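This is a predicted model, so every value here is computed, not measured.
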Amino acid sequence: MESLIGLVNRIKRACNNAFSSLGDALPSVAVVGGQEANGSALANKKVTVVFVLGGPGSGKGTQCTNIVQHFGYTHLSAGDLLRAEMKSGSENGDMIQNMIKEGKIVPSEVTIKLLERAMLDNGNDKFLIDGFPRNEENRAAFEAVTGIEPQFILFFDCSEEEMQKRLLSRNQGRDDDNIETIKKRFKVYMESSLPVIEYYNAKGKVRKIDATKPVEEVFEAVKTCFTPVAASS
Ligand SMILES: Nc1ncnc2c1ncn2[C@@H]1O[C@H](COP(=O)(O)OP(=O)(O)OP(=O)(O)O)[C@@H](O)[C@H]1O
Ligand SMILES: Nc1ccn([C@@H]2O[C@H](COP(=O)(O)O)[C@@H](O)[C@H]2O)c(=O)n1
Ligand SMILES: [Mg+2]
């Protein structure tokens, strides 16, 4: 039987179609696998999302730049959004700065709001979400709030030795690219982020890439994950 929220959604959709000016006055509710997701404005925007995961320095950002050029996705890096929020003078600035310096995961509420806003402000409907979800809290909260199920998970598998070497020579002035914070980030990755990848692997959603290879070779492998998707859409 249709739930009350499902009914409200149906009425809202009908109202939106009939009187588009009513849209903002009515709260939106997404329905996720039979459960009601609360109030994300994204409920009214149909989006395709690929989560791009892997350890610190595995090459997520580098490959996302290539994917954007070839397959028309918009790249949203959770880390970049948090750094921009920190620099914007937001009330969460100090907290974000401390969390990044310690390699810890910022509460989902903050990061999800930034991701939602970025997706809503963008005209595209295909997004690469890089570096999110980073822990079980990120994963469950994103699903509950937005109702979005990822198309697949692109997982860059890279040795810690190689990642450390890359991070220490990245030279982008990041506060967390120092050996002390890098060790903390590796620990958080092993303890909190890998279980999320395992969760999606059990659902058959993970496309694992050997990310220790040179950039061009990694991208050849990445392309094989997107080409079937691009061909069918
Ligand atoms: N396949 C590769 N081989 C060698 N160097 C690489 C490769 N991919 C990326 N790099 C370099 O390694 C560094 C880290 O790459 P990148 O910023 O893409 O990683 P990331 O996964 O986004 O890291 P983080 O999680 O810290 O944001 C950069 O200096 C980049 O130029
Ligand atoms: N979901 C996330 C993603 C990132 N962070 C914080 O930002 C740092 C840098 O992230 P990168 O993806 O750019 O490496 C990360 O170490 C976290 O402190 C987060 O909290 N939640
Ligand atoms: Mg990155």
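Residue-environment remark: CD (E217) exceeds the threshold of 12 foreign heavy atoms within 6.0 Å. More than 12 heavy atoms of other residues, nucleotides or ligands sit less than 6.0 Å from atom NZ of K184. Other residues, nucleotides and ligands contribute at most 12 non-hydrogen atoms within 6.0 Å of the NZ atom of K213. With a 6.0 Å radius and a threshold of 12 heavy atoms from other residues, nucleotides or ligands, M190 has its CE atom at or below the threshold. Atom CD of Q69 sits in a crowded spot, with more than 12 heavy atoms from other residues, nucleotides or ligands closer than 6.0 Å. For K45, the NZ atom counts as densely surrounded, since its 6.0 Å shell holds more than 12 non-hydrogen atoms of other residues, nucleotides or ligands.
Residues L154 and I209 form a side-chain contact, since some pair of their non-hydrogen atoms from C-beta on lies under 4.5 Å apart. The shortest distance between side-chain heavy atoms of F156 and V218 falls below 4.5 Å. Contact annotation: the side chain of K126 never approaches that of Q151 to less than 4.5 Å [non-hydrogen atoms, C-beta and beyond]. Residues L114 and L82 form a side-chain contact, since some pair of their non-hydrogen atoms from C-beta on lies under 4.5 Å apart. When side chains are defined from C-beta on, M163 counts as touching F186, because their heavy atoms get closer than 4.5 Å. Side chains of P56 and L167 form a contact here, defined as non-hydrogen atoms less than 4.5 Å apart. Residues R174 and R170 form a side-chain contact, since some pair of their non-hydrogen atoms from C-beta on lies under 4.5 Å apart. Between H75 and D130 the shortest side-chain heavy-atom distance falls below 4.5 Å.
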Next on the checklist: Does I129 form a side chain to side chain contact (heavy atoms under 4.5 Å, CB included) with V52? I'd like the steps, not just the answer.
Outcome noted: CA-CA 6 Å; I129 300 193; V52 182; over 6 Å; no

Next on the checklist: Using the rule given for side chain to side chain contact (heavy atoms under 4.5 Å, CB included), can you reason through M119 versus L76, listing the C-alpha separation, both sets of side-chain angles and the distance that settles it, and then say yes or no?
Outcome noted: CA-CA 8 Å; M119 284 192 273; L76 299 178; 3.6 Å; yes

Next on the checklist: Applying side chain to side chain contact (heavy atoms under 4.5 Å, CB included) to M95 and M86, what does each step give before you reach the verdict?
Outcome noted: CA-CA 8 Å; M95 180 273 290; M86 183 182 89; over 6 Å; no

Checklist entry - Where do K101 and D175 land on the salt bridge (charged side-chain N to carboxylate O under 4.0 Å, His left out) test, with the steps shown first? => result CA-CA 6 Å; K101 191 78 213 293; D175 286 346; over 6 Å; no

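Salt bridge R185/D177: present, at least one basic N to carboxylate O contact under 4.0 Å. The residues E149 and K203 are annotated as salt-bridged, a charged nitrogen and a carboxylate oxygen being separated by less than 4.0 angstrom. Ion pair E162/R166 flagged as a salt bridge, since at least one NZ, NE, NH1 or NH2 atom sits closer than 4.0 Å to an Asp/Glu carboxylate oxygen. Ion pairing between K223 and E220 holds under the 4.0 Å rule for side-chain N and carboxylate O.
Placement of L120 and I148 within a single hydrophobic cluster is found when ILVMFWY residues are connected by side-chain heavy-atom separations under 4.5 Å, directly or transitively. Both M99 and L115 belong to a common hydrophobic cluster when Ile, Leu, Val, Met, Phe, Trp and Tyr are linked at side-chain heavy-atom distances under 4.5 angstrom. With hydrophobic clusters built from ILVMFWY side chains whose heavy atoms lie under 4.5 angstrom apart, I182 does not share a cluster with L53. Hydrophobic cluster membership is shared by L81 and L42, with clusters built from Ile, Leu, Val, Met, Phe, Trp and Tyr side chains linked at under 4.5 angstrom.
S108 contributes no side-chain N or O that, together with a main-chain N or O of A141, makes up a donor-acceptor pair within less than 3.5 Å. N122 places no side-chain N or O within donor-acceptor distance of the main-chain N or O of A118, the cut-off being under 3.5 Å. Side chain of T224 to main chain of A221: a donor-acceptor pair is present (N/O by atom type, distance under 3.5 Å, no hydrogens or angles).
Atom NZ in K104 sits 13.0 Å away from atom CG in N135 (nearest 0.5 Å). For the atom pair OG (S77) and CG (L128), the distance works out to 11.0 Å, reported to the nearest 0.5 Å. For the atom pair I153 CD1 and C225 SG, the distance stands at 11.5 Å (nearest 0.5 Å).
Sorted by first then second residue, the side-chain hydrogen bond (donor to acceptor under 3.5 Å, both in side chains) pairs that include residues 53-62, not counting sequence neighbours, number zero. Residue pairs meeting the side-chain hydrogen bond (donor to acceptor under 3.5 Å, both in side chains) criterion with at least one member in residues 88-97, sequence neighbours excluded: E85-S90.
Residues N124 and T74 have side chains that bring a donor and an acceptor to within less than 3.5 angstrom of each other. A donor atom on one side chain and an acceptor atom on the other are found under 3.5 Å apart for Q164 and K183.
Across G54 and Y189, no two heavy atoms sit closer than the pair C-CE1, 3.6 Å. In this structure, T181 and G103 approach most closely via the heavy-atom pair CG2-N, 4.0 Å.
Seen from the ring of F155, R207 does not count as a face-on cation partner, given the 6.0 Å and 45° thresholds.
Each of Y199, F152, F142, F127 was compared with F51 under the ring pair (Phe, Tyr, Trp, His ring centres under 6.0 Å) criterion, and only F142 meets it.
The ring of H70 has its center closer than 6.0 angstrom to the ring center of F219. Between Y73 and F226, the ring center distance clears the sub-6.0 Å criterion.
In the hydrophobic clustering, V188 connects to I105, either directly or through intervening members, whenever side-chain heavy atoms lie under 4.5 Å apart.
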